[in-house]
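For ligands, and for the atoms within them, numbers begin at 1 and follow the listed sequence. None of these values were measured; they are calculated from a predicted model. We use all heavy atoms of the structure for the numbers below, so side chains are in, but hydrogens, waters and symmetry mates are not. Just so you know, residue 1 is the first one in the sequence shown, and it goes up from there.
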Amino acid sequence: MDIPRIFNITESAHRIHNPITPEKLATLGAALRLESGARVLDLGSGSGEMLCTWARDHGVSGTGIDLSQLFTEQAKRRAEELGVADQVKFIHGDAAGYVSDEKFDVAACVGATWIGGGVAGTIELLARSLRTGGIILIGEPYWRQLPPTETVAKGCEGSSISDFLRLPELLAFFGRLGYDVVEMVLADQDGWDRYEAAKWLTMRRWLEANPDDEFAKDVRTKLTSEPERYAAYTREYLGWGVFALMAR
Ligand code: SAH
């Protein structure tokens, strides 16, 4: 049980598997006015940077679940490194359908909303593990500029125009689901560079270390084409943000 191997290769050196930077993740933690002892659930927790740094900076505790064994191991190591291993727990597993017995103060899915079959389904899933009055966090792309054609949308890693909304529409969509948007922190193009460009050096190093791997050809093709594809499409067209929601 794991995610497709290509992600475990290209993102093996990432602490954050999204275009949000460490600074913006800290901004978000502060913006939420987290109280010491608050409990946070994170579905698709990746390498655990959000839970670990918020545990260190705000005294929160919580649980992360992620399908990547590698990322989950990295999350556990990060918790040790930051001295918060007694506050945060990381589980390797499928978060689809995950509902906790405990009600959390914050329930998050940051950049993995396929877990609940899309934004609406993921909000519904998170709500089932949330205490009354708690905060849901959704990390999700939106169109920074609407792609003029489906070909351009496809350049954004195989998306189609209908996969995402523009920012005002996304905010309105949360409202239609019965939620107030109470905070948001948006990524910018520098943040996208940190997420995407960091994969290139990782791929290059991986190729040097694994020339005979059966995946080497795929990784080589990707490294050759990615910088140009990214600059032409994702960087220009795709926005990304984390949205904090409270039920009306
Ligand atoms: N929230 C993290 C990771 C985002 S990347 C961060 O911001 O850094 C998306 C994550 O979802 C990856 O870590 C991937 O391993 C995980 N994932 C994908 N499908 C999953 C599933 N069904 N259940 C749990 N995690 C999943």
Does the pair [X]/[Y] count as a salt bridge with the N-to-O cut at 4.0 Å?
X: Arg77; Y: Glu81; value: no
X: Glu102; Y: Arg39; value: yes
X: Glu196; Y: Arg235; value: no
X: Lys76; Y: Glu73; value: no
X: Lys24; Y: Asp190; value: no

> Does Lys199 make a cation-pi contact with Tyr195, if we ask for NZ or CZ under 6.0 Å from the ring centre and within 45° of the axis?
Replying inline: yes

> Relative to Tyr179, does Arg248 satisfy both conditions: NZ or CZ under 6.0 angstrom from the six-membered ring centre, and within 45 degrees of the ring's axis?
Replying inline: no

> Do Pro22 and Ile16 have side-chain heavy atoms sitting under 4.5 Å apart?
Replying inline: yes

Identify, by atom number and element, the atoms of ligand 1 in contact range of [X], meaning under 4.0 Å from any of its heavy atoms.
X: Ala112; value: 9 (C), 11 (O)
X: Gly111; value: 5 (S), 9 (C)
X: Ile16; value: 8 (O)
X: Ser68; value: 15 (O)
X: Phe71; value: 13 (O), 15 (O)

> Shortest non-hydrogen contact from Pro147 to Ala153?
Replying inline: CB-N, 3.8 Å

>> Students often mix this up, so state it plainly: with edges at 30° and 60°, are the rings of Phe164 and Trp143 parallel, tilted or perpendicular?
In response: perpendicular

Are any of the N or O atoms of [X] closer than 3.5 Å to those of ligand 1?
X: Ile3; answer: no
X: Asp42; answer: no
X: Ile115; answer: no
X: Arg15; answer: no

Among all protein heavy atoms, pick the one closest to [atom] and tell me residue, atom and distance.
atom: atom 21 (C) of ligand 1; value: Asp94 OD1, 3.6 Å
atom: atom 8 (O) of ligand 1; value: His17 N, 2.8 Å
atom: atom 3 (C) of ligand 1; value: Gly44 O, 3.4 Å
atom: atom 19 (N) of ligand 1; value: Trp114 NE1, 3.1 Å
atom: atom 7 (O) of ligand 1; value: Asn18 ND2, 2.7 Å

> With a 4.0 Å cut-off on heavy atoms, does Tyr98 reach ligand 1?
Replying inline: no

>> If we only consider heavy atoms of Gly93, is any one of them less than 4.0 Å away from an atom in ligand 1?
In response: yes

>> For atom 15 (O) of ligand 1, which of the options Leu43, Leu67, Val110, Asp66 provides the nearest non-hydrogen atom?
In response: Asp66

> Among Pro4, Pro19, Ser47, Ala95, which one has a heavy atom closest to atom 23 (N) of ligand 1?
Replying inline: Ala95

> Got a second to check how far Asp2's CG is from Phe7's CZ, nearest 0.5 Å?
Replying inline: 11.5 Å

